[in-house]
Amino acid sequence: QLQEQQEEIENMMNAIFKGIFVHRYRDVVPEIRAICMEELGTWMKSYTASFLTDGYLKYIGWTLHDKQREVRLQCVKALQGLYCHRDTAAHMELFTSRFKTRMVSMVLDKEPDVAVEVVKLLTLMLENTEEVLTEEDCQSVYPVVYVSSRALASAAGLFLYRRTFFRLLLAFFIESEVRAAAGCLGGRGGTLRTVTVPCPQLHEHAAYLVDSLWDCAGPRLRDWETISTLLLEESPTKGLADRQEKALVEILAASVVQAAEGQPPVGRSLAKKVTGL
(Lines give C-alpha, C1' and ligand atoms only; values in the text may rest on other atoms or scores of the structure.)
Protein backbone atom coordinates (compact mmCIF):
# COMPACT_ATOMS: atom_id res chain seq x y z
CA GLN A 1 0.00 0.00 0.00
CA LEU A 2 2.85 2.37 0.87
CA GLN A 3 4.49 1.68 -2.48
CA GLU A 4 1.22 2.39 -4.29
CA GLN A 5 0.85 5.69 -2.44
CA GLN A 6 4.43 6.63 -3.28
CA GLU A 7 3.89 5.87 -6.94
CA GLU A 8 0.69 7.90 -6.89
CA ILE A 9 2.50 10.88 -5.36
CA GLU A 10 5.29 10.63 -7.93
CA ASN A 11 2.74 10.53 -10.73
CA MET A 12 1.12 13.66 -9.35
CA MET A 13 4.51 15.39 -9.11
CA ASN A 14 5.31 14.48 -12.69
CA ALA A 15 1.94 15.77 -13.85
CA ILE A 16 2.52 19.07 -12.04
CA PHE A 17 6.01 19.33 -13.51
CA LYS A 18 4.90 18.68 -17.08
CA GLY A 19 1.73 20.73 -16.77
CA ILE A 20 3.21 23.79 -15.08
CA PHE A 21 7.00 23.88 -14.85
CA VAL A 22 7.78 22.88 -18.44
CA HIS A 23 5.73 25.88 -19.62
CA ARG A 24 6.62 28.42 -16.91
CA TYR A 25 10.42 27.99 -16.95
CA ARG A 26 10.24 29.78 -20.34
CA ASP A 27 7.73 32.39 -19.13
CA VAL A 28 8.08 35.88 -20.58
CA VAL A 29 8.35 37.27 -17.03
CA PRO A 30 11.96 36.87 -15.74
CA GLU A 31 10.85 36.68 -12.11
CA ILE A 32 8.76 33.59 -12.86
CA ARG A 33 11.64 31.93 -14.70
CA ALA A 34 13.90 32.67 -11.74
CA ILE A 35 11.40 31.18 -9.28
CA CYS A 36 11.19 28.04 -11.42
CA MET A 37 14.96 27.56 -11.25
CA GLU A 38 15.08 28.25 -7.51
CA GLU A 39 12.32 25.73 -6.79
CA LEU A 40 13.78 23.11 -9.11
CA GLY A 41 17.03 23.33 -7.15
CA THR A 42 15.06 22.86 -3.92
CA TRP A 43 13.26 19.81 -5.31
CA MET A 44 16.56 18.27 -6.35
CA LYS A 45 18.03 18.71 -2.88
CA SER A 46 14.91 17.54 -1.05
CA TYR A 47 13.88 14.66 -3.35
CA THR A 48 17.15 13.53 -4.87
CA ALA A 49 15.94 10.12 -5.96
CA SER A 50 13.11 11.59 -8.02
CA PHE A 51 14.52 14.87 -9.36
CA LEU A 52 18.33 14.64 -9.45
CA THR A 53 18.35 13.17 -12.94
CA ASP A 54 19.55 14.41 -16.29
CA GLY A 55 15.95 14.75 -17.40
CA TYR A 56 15.46 17.55 -14.86
CA LEU A 57 19.01 18.91 -14.65
CA LYS A 58 18.96 19.85 -18.32
CA TYR A 59 16.45 22.64 -17.60
CA ILE A 60 18.96 24.35 -15.33
CA GLY A 61 21.70 23.84 -17.92
CA TRP A 62 19.63 25.36 -20.70
CA THR A 63 18.61 28.31 -18.54
CA LEU A 64 22.23 29.21 -17.78
CA HIS A 65 22.00 31.01 -21.15
CA ASP A 66 19.04 33.16 -20.05
CA LYS A 67 19.44 36.85 -20.91
CA GLN A 68 18.21 38.07 -17.53
CA ARG A 69 20.59 38.41 -14.61
CA GLU A 70 18.24 37.13 -11.90
CA VAL A 71 17.46 33.97 -13.84
CA ARG A 72 21.12 33.08 -14.42
CA LEU A 73 21.84 33.88 -10.78
CA GLN A 74 19.18 31.46 -9.52
CA CYS A 75 20.50 28.75 -11.85
CA VAL A 76 23.99 29.13 -10.42
CA LYS A 77 22.73 29.14 -6.83
CA ALA A 78 20.67 26.02 -7.49
CA LEU A 79 23.79 24.29 -8.79
CA GLN A 80 25.77 25.43 -5.75
CA GLY A 81 23.28 23.61 -3.56
CA LEU A 82 23.96 20.42 -5.52
CA TYR A 83 27.72 20.60 -5.97
CA CYS A 84 28.30 21.39 -2.29
CA HIS A 85 27.87 17.69 -1.44
CA ARG A 86 30.02 14.92 -2.89
CA ASP A 87 27.16 12.44 -3.02
CA THR A 88 24.93 14.68 -5.12
CA ALA A 89 27.82 15.92 -7.26
CA ALA A 90 28.64 12.29 -8.06
CA HIS A 91 25.22 11.91 -9.72
CA MET A 92 25.85 14.87 -12.04
CA GLU A 93 28.64 13.56 -14.24
CA LEU A 94 26.70 13.75 -17.49
CA PHE A 95 25.34 17.21 -16.67
CA THR A 96 28.83 18.41 -15.75
CA SER A 97 30.40 17.14 -18.95
CA ARG A 98 27.62 18.70 -21.02
CA PHE A 99 27.46 22.13 -19.38
CA LYS A 100 30.90 22.63 -17.83
CA THR A 101 32.10 24.81 -20.70
CA ARG A 102 29.18 27.16 -20.18
CA MET A 103 29.75 27.33 -16.42
CA VAL A 104 33.43 28.14 -16.84
CA SER A 105 32.67 30.82 -19.44
CA MET A 106 30.29 32.53 -17.00
CA VAL A 107 33.30 33.67 -14.97
CA LEU A 108 33.12 36.54 -17.48
CA ASP A 109 29.41 37.18 -16.94
CA LYS A 110 28.53 40.83 -17.57
CA GLU A 111 26.79 40.97 -14.19
CA PRO A 112 29.43 40.96 -11.42
CA ASP A 113 27.23 39.32 -8.78
CA VAL A 114 26.56 36.44 -11.18
CA ALA A 115 30.30 36.12 -11.89
CA VAL A 116 31.02 35.98 -8.14
CA GLU A 117 28.55 33.13 -7.64
CA VAL A 118 29.93 31.29 -10.67
CA VAL A 119 33.45 31.36 -9.23
CA LYS A 120 32.03 30.05 -5.94
CA LEU A 121 30.28 27.30 -7.89
CA LEU A 122 33.52 26.32 -9.63
CA THR A 123 35.24 26.24 -6.24
CA LEU A 124 32.63 23.76 -5.00
CA MET A 125 33.17 21.67 -8.12
CA LEU A 126 36.90 21.76 -7.47
CA GLU A 127 36.38 20.50 -3.92
CA ASN A 128 33.65 17.91 -4.46
CA THR A 129 34.29 16.34 -7.85
CA GLU A 130 37.15 14.18 -9.03
CA GLU A 131 39.32 16.20 -11.42
CA VAL A 132 36.35 17.50 -13.37
CA LEU A 133 38.01 20.88 -13.87
CA THR A 134 41.04 20.65 -16.13
CA GLU A 135 44.05 22.91 -15.85
CA GLU A 136 42.74 24.80 -18.88
CA ASP A 137 39.45 25.39 -17.03
CA CYS A 138 41.33 26.63 -13.99
CA GLN A 139 43.44 28.97 -16.12
CA SER A 140 40.20 30.79 -16.97
CA VAL A 141 39.65 31.57 -13.29
CA TYR A 142 43.15 32.40 -12.03
CA PRO A 143 43.52 35.84 -13.70
CA VAL A 144 40.30 37.04 -12.05
CA VAL A 145 42.33 37.66 -8.86
CA TYR A 146 43.51 40.87 -10.58
CA VAL A 147 40.10 42.42 -11.31
CA SER A 148 39.03 45.68 -9.67
CA SER A 149 35.98 44.24 -7.88
CA ARG A 150 37.15 42.88 -4.53
CA ALA A 151 34.18 40.53 -4.18
CA LEU A 152 34.98 38.85 -7.48
CA ALA A 153 38.74 38.88 -6.90
CA SER A 154 38.33 37.34 -3.42
CA ALA A 155 36.14 34.57 -4.82
CA ALA A 156 38.85 33.82 -7.39
CA GLY A 157 41.45 33.98 -4.61
CA LEU A 158 39.64 31.25 -2.72
CA PHE A 159 39.55 29.14 -5.90
CA LEU A 160 43.31 29.60 -6.34
CA TYR A 161 43.91 28.80 -2.67
CA ARG A 162 41.83 25.61 -2.83
CA ARG A 163 43.70 24.47 -5.92
CA THR A 164 47.08 24.58 -4.14
CA PHE A 165 49.08 27.32 -2.55
CA PHE A 166 52.67 28.51 -2.60
CA ARG A 167 54.15 26.64 -5.55
CA LEU A 168 51.15 27.25 -7.80
CA LEU A 169 50.91 30.79 -6.47
CA LEU A 170 54.50 31.50 -7.42
CA ALA A 171 54.14 29.90 -10.83
CA PHE A 172 50.98 31.87 -11.56
CA PHE A 173 52.46 35.14 -10.31
CA ILE A 174 55.59 34.73 -12.39
CA GLU A 175 53.56 33.93 -15.50
CA SER A 176 51.40 37.00 -14.87
CA GLU A 177 54.48 39.20 -14.59
CA VAL A 178 55.83 37.89 -17.88
CA ARG A 179 52.50 38.43 -19.63
CA ALA A 180 52.19 41.93 -18.23
CA ALA A 181 55.67 42.76 -19.44
CA ALA A 182 54.56 41.64 -22.89
CA GLY A 183 51.36 43.67 -22.60
CA CYS A 184 49.02 40.67 -22.66
CA LEU A 185 47.93 39.97 -19.07
CA GLY A 186 45.03 37.55 -19.16
CA GLY A 187 46.03 35.88 -22.43
CA ARG A 188 43.71 33.17 -23.78
CA GLY A 189 42.13 35.39 -26.41
CA GLY A 190 41.13 38.24 -24.08
CA THR A 191 40.08 36.28 -21.01
CA LEU A 192 39.57 39.48 -19.02
CA ARG A 193 37.82 41.47 -21.71
CA THR A 194 34.82 42.24 -19.48
CA VAL A 195 36.67 43.25 -16.33
CA THR A 196 39.18 45.87 -15.31
CA VAL A 197 42.76 44.82 -14.64
CA PRO A 198 43.86 47.63 -12.30
CA CYS A 199 47.32 49.17 -12.28
CA PRO A 200 49.18 47.00 -14.80
CA GLN A 201 52.64 48.07 -13.55
CA LEU A 202 54.72 45.03 -12.67
CA HIS A 203 55.60 46.07 -9.13
CA GLU A 204 51.95 46.51 -8.15
CA HIS A 205 50.63 43.11 -9.20
CA ALA A 206 51.58 41.43 -5.92
CA ALA A 207 49.39 43.84 -3.94
CA TYR A 208 46.29 42.78 -5.87
CA LEU A 209 47.13 39.10 -5.63
CA VAL A 210 47.70 39.31 -1.87
CA ASP A 211 44.49 41.27 -1.36
CA SER A 212 42.54 38.64 -3.31
CA LEU A 213 43.93 35.87 -1.09
CA TRP A 214 43.79 37.76 2.18
CA ASP A 215 40.36 36.59 3.38
CA CYS A 216 41.03 32.88 2.81
CA ALA A 217 44.82 32.66 3.19
CA GLY A 218 45.67 35.58 5.49
CA PRO A 219 47.30 33.41 8.19
CA ARG A 220 49.56 31.73 5.64
CA LEU A 221 50.47 35.02 3.99
CA ARG A 222 51.34 36.37 7.44
CA ASP A 223 53.53 33.37 8.20
CA TRP A 224 56.60 35.43 7.44
CA GLU A 225 58.92 33.07 9.31
CA THR A 226 58.08 30.19 6.99
CA ILE A 227 58.32 32.42 3.92
CA SER A 228 61.71 33.69 5.05
CA THR A 229 62.91 30.13 5.63
CA LEU A 230 61.80 29.21 2.14
CA LEU A 231 63.70 32.17 0.72
CA LEU A 232 66.85 31.23 2.62
CA GLU A 233 66.78 27.61 1.47
CA GLU A 234 70.00 26.98 -0.45
CA SER A 235 69.47 23.37 -1.49
CA PRO A 236 69.46 23.14 -5.30
CA THR A 237 66.69 20.54 -5.13
CA LYS A 238 64.49 22.13 -2.45
CA GLY A 239 65.28 25.78 -3.00
CA LEU A 240 63.55 28.31 -5.26
CA ALA A 241 64.64 29.53 -8.66
CA ASP A 242 65.66 33.18 -8.97
CA ARG A 243 62.35 34.21 -10.53
CA GLN A 244 60.46 32.37 -7.81
CA GLU A 245 62.49 34.10 -5.12
CA LYS A 246 61.79 37.49 -6.68
CA ALA A 247 58.07 36.75 -6.85
CA LEU A 248 57.95 35.50 -3.25
CA VAL A 249 59.80 38.60 -2.01
CA GLU A 250 57.19 40.79 -3.71
CA ILE A 251 54.37 38.73 -2.19
CA LEU A 252 56.04 38.96 1.23
CA ALA A 253 56.37 42.73 0.95
CA ALA A 254 52.76 43.11 -0.20
CA SER A 255 51.50 40.96 2.69
CA VAL A 256 53.36 43.14 5.20
CA VAL A 257 51.73 46.25 3.73
CA GLN A 258 48.32 44.57 3.74
CA ALA A 259 48.71 43.55 7.38
CA ALA A 260 49.81 47.04 8.39
CA GLU A 261 47.26 49.08 6.44
CA GLY A 262 44.30 46.69 6.23
CA GLN A 263 43.02 48.34 3.05
CA PRO A 264 42.64 47.06 -0.51
CA PRO A 265 45.16 48.47 -2.99
CA VAL A 266 44.37 51.63 -4.93
CA GLY A 267 41.94 50.98 -7.76
CA ARG A 268 40.22 47.99 -6.18
CA SER A 269 36.68 48.72 -5.16
CA LEU A 270 34.74 47.10 -2.35
CA ALA A 271 31.62 47.40 -4.47
CA LYS A 272 30.68 44.66 -6.91
CA LYS A 273 30.70 46.83 -9.99
CA VAL A 274 33.03 45.60 -12.73
CA THR A 275 33.75 47.85 -15.67
CA GLY A 276 34.88 46.95 -19.16
CA LEU A 277 38.40 47.32 -20.45
Side-chain angles (χ1 to χ4, degrees), residues 2-3 5-7 9-18 21-22 25 33-66 71-109 113-142 144 152 154-165 167-168 215-217:
L2 178 62
Q3 184 176 358
Q5 291 178 343
Q6 184 175 352
E7 290 177 356
I9 292 173
E10 289 182 355
N11 289 334
M12 292 173 61
M13 293 167 63
N14 288 331
I16 293 172
F17 184 87
K18 293 178 180 178
F21 180 90
V22 170
Y25 94 97
R33 301 200 301 274
I35 291 172
C36 286
M37 292 302 106
E38 181 181 9
E39 292 304 317
L40 183 56
T42 301
W43 300 345
M44 289 177 174
K45 287 189 294 182
S46 302
Y47 308 103
T48 303
S50 298
F51 287 103
L52 190 61
T53 66
D54 295 314
Y56 292 104
L57 282 166
K58 66 184 180 182
Y59 292 100
I60 295 181
W62 292 339
T63 314
L64 287 171
H65 294 272
D66 197 282
V71 182
R72 297 195 306 279
L73 185 62
Q74 287 303 329
C75 288
V76 173
K77 288 186 175 181
L79 291 173
Q80 288 175 352
L82 300 174
Y83 280 107
C84 67
H85 300 290
R86 281 187 173 271
D87 54 346
T88 53
H91 288 84
M92 301 172 64
E93 291 184 359
L94 182 59
F95 172 85
T96 303
S97 64
R98 184 177 179 184
F99 293 102
K100 183 185 70 169
T101 300
R102 172 56 182 166
M103 290 187 280
V104 172
S105 72
M106 289 178 70
V107 169
L108 304 178
D109 196 279
D113 55 341
V114 176
V116 169
E117 297 303 323
V118 169
V119 175
K120 291 179 180 179
L121 170 61
L122 295 176
T123 303
L124 291 173
M125 293 173 64
L126 187 68
E127 295 172 342
N128 296 313
T129 59
E130 297 297 331
E131 300 181 355
V132 165
L133 296 177
T134 65
E135 183 57 31
E136 183 179 2
D137 296 328
C138 295
Q139 288 289 344
S140 297
V141 183
Y142 297 155
V144 181
L152 182 53
S154 294
L158 179 60
F159 181 92
L160 175 63
Y161 182 70
R162 288 285 186 265
R163 182 70 171 172
T164 55
F165 193 61
R167 296 290 177 175
L168 178 59
D215 291 343
C216 61

Are any side-chain N or O atoms of [X] and backbone N or O atoms of [Y], one a donor and one an acceptor, separated by less than 3.5 Å?
X	Y	value
K45	G81	no
R102	L64	yes
E117	L73	no
R33	R72	no

Open item on the list: Set out, in order, the CA-CA distance, both residues' side-chain angles and the distance that settles side chain to side chain contact (heavy atoms under 4.5 Å, CB included) for R163 and Y142, then state yes or no.
Closed with: CA-CA 10 Å; R163 182 70 171 172; Y142 297 155; 3.1 Å; yes
Distance check, rounded to the nearest 0.5 Å: [X] atom [atom1] versus [Y] atom [atom2]?
X	Y	atom1	atom2	answer
D54	F95	CG	CZ	9.0 Å
H91	T96	NE2	OG1	12.5 Å
M106	S140	CE	OG	14.0 Å
Q74	L40	CD	CG	11.5 Å
M103	R98	CE	CZ	12.0 Å
N128	L82	CG	CG	11.5 Å

Task: Stepwise side chain to side chain contact (heavy atoms under 4.5 Å, CB included) check, E130 with R86 - done: CA-CA 9 Å; E130 297 297 331; R86 281 187 173 271; 3.1 Å; yes
Task: Enclosure of E10 CD (heavy-atom neighbours >12, cutoff 6.0 Å) - done: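 More than 12 within 6.0 Å, yes.
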TODO: Look at atom CD of E131 and say whether more than 12 heavy atoms of other residues, nucleotides or ligands are closer to it than 6.0 Å.
DONE: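 Counting neighbours around CD of E131, 12 or fewer heavy atoms of other residues, nucleotides or ligands fall under 6.0 Å, so no.
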Open item on the list: So if I apply the side chain to side chain contact (heavy atoms under 4.5 Å, CB included) rule between V107 and each of L122, V114, V116, L121, which one comes out positive?
Closed with: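 Only match with V107 under side chain to side chain contact (heavy atoms under 4.5 Å, CB included): L122.
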Open item on the list: One pair to check against side-chain hydrogen bond (donor to acceptor under 3.5 Å, both in side chains): Y56 and S50. What are the steps and the verdict?
Closed with: CA-CA 9 Å; Y56 292 104; S50 298; over 6 Å; no
Task: Check: D137/T134 side-chain N/O donor and acceptor closer than 3.5 Å - done: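 A pair is found: one side chain offers a donor N or O, the other an acceptor, under 3.5 Å apart.
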- [ ] Please name the pair of heavy atoms, one in A89 and one in T129, separated by the smallest distance, quoted to 0.1 Å.
- [x]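 Smallest heavy-atom distance, with atoms named: CB-CG2, 3.9 Å.
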- [ ] Going by the ring-ring contact (aromatic ring centres under 6.0 Å, His included) test, name the single residue among F99, F17, F51 that passes it with Y59.
- [x]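 Single pass found, and it is F17.
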Task: Residue pair F159, L133: steps toward the side chain to side chain contact (heavy atoms under 4.5 Å, CB included) verdict - done: CA-CA 12 Å; F159 181 92; L133 296 177; 3.9 Å; yes
